[in-house]
Amino acid sequence: MRYQLEKYVDPLPRMKRLQPMKKTKDGVHYEMTMKPFKSKLHRDLPATSLWGYNGQFPGLIIEANRDEPVHVTWLNQLPNKHLLPVDVSIHGLNQLPAVRTVVHLHGIETKPDSDGHPEAWYTNGFREIGPNFSRKTFTYPNHQRSSLLWYHDHAMGITRLNVYAGLAGMYILRDKQEKELNLPSGEYEVPLMITDKSFQEDGSLFYPSQPDGAAASLPNPSILPAFNGDTILVNGKVWPYLEVEPRKYRFRMLNASNTRSYRLQLDPNIGLQQIGSDGGLLRNAVGMEEIHFHPAERIDVIIDFSQAGGRSILLKNNLGQDADPNDDTSHIMQFRVTKGLKNKDQSLLPADLSTIPSLKQNNISTIRYLKLVGSSDQFGRPLLLLNNKHWHDPVTEKPKLGATEVWAFTNTTNFSHPIHIHLIQFQILDHQPFDLERYNADGHITFTGPPKAPAANQRGWKDTLEVPAANITRVIAKFAPYSGEFVWHCHILEHEDYDMMRPYIVEDDEQ
Ligand code: C2O
Ligand code: CU
Ligand code: CU
């Protein structure tokens with residue numbers, strides 16, 4: 001379907017905060033209910049049926065304070081039939097109820113039973129539960145530095161469909177150190193959730209039930225190797241605009257797209273200062289011409305509109321442009337510096353933002369070489385694996401509780417993958433290119449260049465990173481503070497669902 005939705009006709013929705021149900025001595029308690037709803041995502045588009053937390057897309061923001069635990073009861077009131085085409089040919093999913101959910105808070109350090117294990121799923125009213133289900137209320141201790149986290153569905157084999165249907169929201173963790181910096185705050189701190197979707201003319205979500213030109217022998221529905229929508233949404237509106245004052249703003253951005261990566265750029269380029277990454281503030285602000293933005297990553301930026309009074313500034317995606325200059329997906333949103341300055345801008349952009357101790361000082365217990373591998377399944381469909389293992393194969397990665405390890409992701413496929421590890425924040429050591437053709441011919445890794453240090457904006461804490469094709473990308477992490485079973489996976493949701501996800505176990509010898 002091709003029709004033209006006019007850009008920059010709807011204002012950017014300001015995301016609201018969820019009110020707690022109660023506060024007790026053991027923390028703040030919330031309840032969130034997943035349910036179907038309809039919403040107009042663009043002025044000229046009929047209302048779209050979606051699934052959302054409390055019937056909203058994006059879900060409301062949960063705001064938490066460091067060391068103050070948050071408890072969320074995540075209720076499922078979804079119908080029994082899925083909104084989107086479910087492929088039941090993967091992982092024996094035909095045995096499972098079509099609609100099942102479990103929530104993962106991406107970036108949180110919590111125990112396994114609150115982490116949203118893919119097989120801890122449950123159906124409407126907890127009537128059916130997966131093998132790893134153990135509790136209805138999840139606890140987030142928040143013993144970690146301030147950062148933007150996000151909650152999203154993580155149910156086995158259908159994460160791509162549940163998240164695409166609208167099951168995603170933000171969680172902002174705050175601490176004293178950050179407050180003392182006096183960064184732009186209140187209405188000048190704006191969360192931006194970027195997603196791509198496609199629509200039918202009646203406004204309904206479009207998600208293909210089979211890859212383009214699928215052979216008749218493929219299952220129907222059949223999982224796609226990747227999904228890129230033709231329309232970009234920010235905070236649940238198609239190509240919105242935001243009216244701003246001529247002053248500094250802080251934008252907390254999340255790429256919540258299934259597959260799509262972006263290369264963000266301002267047009268005209270009035271300056272983009274990156275101050276944070278997945279795990280919170282960087283050491284120093286980094287001036288960026290453009291920012292690569294992969295699925296599940298968060299970036300924290302300051303834009304100073306003070307010299308741009310009266311002008312319009314576009315947030316663009318250069319990746320869309322590279323593919324095709326007329327591609328609509330090279331557009332994201334528009335800032336209009338049309339508001340008057342309400343008060344003098346007292347906020348700061350300090351030179352020093354935070355301290356980040358390097359993990360390289362630690363004793364490194366283990367270096368794991370983990371291969372990203374392409375193969376195919378019995379239908380000839382691409383099947384991407386980690387270390388040639390399927391999701392259900394026995395656990396192979398078992399770091400000891402408190403151990404520091406290096407994980408060296410060896411990408412033998414032809415494209416990059418955003419790799420995410422639950423429980424921990426890591427630091428990127430380097431990327432080293434190797435000869436992929438030779439590797440494919442004889443299995444040998446021959447480096448074609450020296451290791452490259454991460455870019456300046458990649459030197460903070462990360463939980464998801466781009467692992468480029470034909471490179472070994474090394475990260476270092478301390479596996480703490482909780483033991484038990486977690487997962488690591490590619491965050492392209494079409495890959496994660498089939499079968500680029502593996503369990504891992506943090507082993508506690510004392511137990
Ligand atoms: Cu954002 Cu395991 O996921
Ligand atoms: Cu996660
Ligand atoms: Cu992938």
Side-chain angles (χ1 to χ4, degrees), residues 58-59 101-112 114-121 132 138 140 144 147-160 162-164 167-171 173 193 195 223-228 254-261 278-279 294-298 370-375 381-387 391 409-426 461-471 473 477 479 482 485-504 506:
T101 60
V102 60
V103 184
H104 170 57
L105 179 54
H106 182 126
I108 195 73
E109 297 171 6
T110 192
K111 291 186 181 159
S114 287
D115 193 50
H117 188 281
E119 299 198 277
W121 52 261
N132 287 61
F138 285 0
Y140 307 116
Q144 58 191 96
S147 53
L148 171 62
L149 290 73
W150 66 298
Y151 55 90
H152 62 78
D153 193 74
H154 216 302
M156 191 63 225
I158 52 168
T159 293
R160 70 194 183 290
N162 288 353
V163 172
Y164 188 70
L167 292 171
M170 285 181 174
Y171 183 108
L173 180 53
M193 181 196 279
T195 57
I223 189 165
L224 311 175
F227 170 80
N228 287 298
L254 158 67
N255 180 356
S257 310
N258 281 28
T259 293
R260 185 181 289 281
S261 289
D278 305 336
H294 302 282
E297 284 186 319
R298 283 87 72 211
L370 302 159
K371 258 182 212 158
L372 284 51
V373 189
S375 67
R381 298 182 294 190
L383 172 61
L384 291 153
L385 299 174
L386 298 169
N387 256 346
W391 164 252
F409 302 110
T410 308
N411 186 353
T412 70
T413 75
N414 286 317
F415 30 85
S416 73
H417 300 267
I419 296 292
H420 169 48
I421 309 175
H422 284 214
L423 176 69
I424 51 98
Q425 295 285 330
F426 51 73
W461 293 106
K462 296 278 296 162
D463 55 43
T464 309
L465 93 158
E466 184 202 16
V467 174
N471 267 264
T473 293
F479 288 84
Y482 303 109
E485 184 171 324
F486 299 92
V487 301
W488 66 284
H489 57 88
C490 177
H491 219 290
I492 291 179
L493 302 181
E494 283 69 20
H495 297 179
E496 168 180 346
D497 276 345
Y498 190 51
D499 218 17
M500 221 176 179
M501 175 164 69
R502 290 282 294 149
Y504 83 92
V506 178

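This is a predicted model, so every value here is computed, not measured. Each ligand, and each atom within it, is numbered from 1 in the order the structure gives.
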(message) Could you tell me if E119 and W391 have a donor-acceptor pair between their side chains, going purely by distance under 3.5 Å?
(response) yes
(request) State whether a side-chain donor-acceptor pair under 3.5 Å links N471 with T473. (result) no
(request) Could you grab the angle centred on atom 1 (Cu) of ligand 1, going from ND1 in H106 to NE2 in H491, to 10°? (result) 100°
Taking backbone and side chain together, does [X] place any N/O/S atom at a distance below 2.8 Å from atom 1 (Cu) of ligand 1?
X	result
H420	no
H154	no
H152	yes

Return the orientation label for the [X] and [Y] ring planes: parallel under 30°, perpendicular over 60°, tilted otherwise.
X	Y	result
H106	H152	tilted
F409	W488	tilted
Y164	F227	perpendicular

(message) So if I apply the side chain to side chain donor-acceptor pair (under 3.5 Å) rule between H154 and each of H117, H104, H489, which one comes out positive?
(response) H489
(request) May I ask you to determine how many protein N/O/S atoms are under 2.8 Å from the Cu ion (ligand 2)? (result) 2
(message) Name the residue from H417, H294, H420 that meets the ring-ring contact (aromatic ring centres under 6.0 Å, His included) definition with H491.
(response) H420
(request) Could you check if a side-chain atom of L224 sits within less than 4.5 angstrom of a side-chain atom of T259, using non-hydrogen atoms only? (result) no
(request) Measure the shortest side-chain to side-chain distance between L383 and Y498 over non-hydrogen atoms and say whether it is less than 4.5 angstrom. (result) yes
(message) Under a 3.5 Å distance rule, please check whether E496 uses its side chain to pair with a backbone N or O of T159 as donor and acceptor.
(response) no
(request) Report yes or no: does N162 contribute a side-chain atom to a donor-acceptor pair with the main-chain N or O of D153 at less than 3.5 Å? (result) no
(request) Just the protein N/O/S atoms under 2.8 Å from the Cu ion (ligand 3), please, no waters. (result) H417 ND1, C490 SG, H495 ND1
